[in-house]
Amino acid sequence: MTTQYWLVKSEPDTYSWDQFVRDGRTDWTGVRNNAARLHLKAMRPGDEVLYYHSNEGKAVVGVARVTKAAFPDTTADETGWVAVELTPVAPLAKPIGLAQIKADAVLQKMELVRQSRLSVSPVRPAEFKRVLRLGKA
DNA sequence: GCCAACGTTGGC
DNA sequence: GCCAACGTTGGC
């Protein structure tokens with residue numbers, strides 16, 4: 001299967017990219033939205049994930065990889081919610097801010113912009129490549 | 001099954 | 001702090 005691309009959001013006050021790097025890997029738990037759950041379930045090991053800081057930061061700050069497909073989220077009160085395992089790959093040399101995304105002809109179509117409240121969203125290959133290119137030093 | 005009320009997220 | 005967008009809940 002070809003690599004799919006995603007974006008996950010986290011408030012840096014809650015779980016920052018730096019903490020993620022220190023941990024070396026993390027279980028992406030706590031998703032309690034059905035659309036986001038469907039995206040988690042569609043993730044496959046090897047898929048690449050943009051890591052976005054919401055609220056404070058409002059920028060894509062790094063790239064991660066899916067290292068374990070969806071499994072039950074044990075932090076949930078009800079059954080049926082899932083988590084995936086993510087592992088950090090590399091930070092962006094230059095974080096890509098939301099304002100820059102909205103000003104870019106390619107990136108302004110991202111689900112991140114279209115559905116701003118969704119915490120896990122798909123990313124098109126062209127969008128992923130453009131973020132990487134703009135994020136290079 | 002509709003819709004008003006309410007809660008949450010997240011940008012500004 | 002405000003508000004728009006969206007999801008969920010519950011009365012009818």
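Just so you know, these numbers come straight off a predicted model, no measurement behind them. Residue numbers begin at 1 in each chain, while the letters A, B, ... track the order of the sequences. Worth knowing before you read on, the calculation uses all heavy atoms, side chains too, and leaves out hydrogens, waters and symmetry mates.
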- Item | Listed partners of T75(A) passing side-chain hydrogen bond (donor to acceptor under 3.5 Å, both in side chains), at least two apart | R32(A), D73(A)

- Please list, chain by chain and in numerical order, all residues satisfying ring-ring contact (aromatic ring centres under 6.0 Å, His included) with F128(A), sequence neighbours excluded. Y5(A)

- Got a sec, which hydrophobics cluster with Y15(A), joining ILVMFWY side chains under 4.5 Å apart, including via others? W6(A), V8(A), W17(A), F20(A), V21(A), W28(A), V31(A), L40(A), M43(A), V49(A), Y51(A), V61(A), V66(A), V82(A), V84(A), L86(A), V120(A)

- Message: Quick test of your reading: applying ring-ring contact (aromatic ring centres under 6.0 Å, His included), list the pairs with at least one residue in residues 61-100 of chain A, sequence neighbours left out, ordered by first then second residue.
- Response: none

- Please report, rounded to the nearest Å, how far the C1' atom of dC6(C) is from the CG atom of N34(A). 13 Å

- Message: Suppose we screen for ring-ring contact (aromatic ring centres under 6.0 Å, His included). Which residues come up paired with Y52(A), at least two apart in sequence or across chains?
- Response: none

- Message: At under 4.0 Å between heavy atoms, how does the protein contact nucleotides 7-12 of chain B? Give one character per nucleotide, 5' to 3', with B, S or -.
- Response: BBBBSS

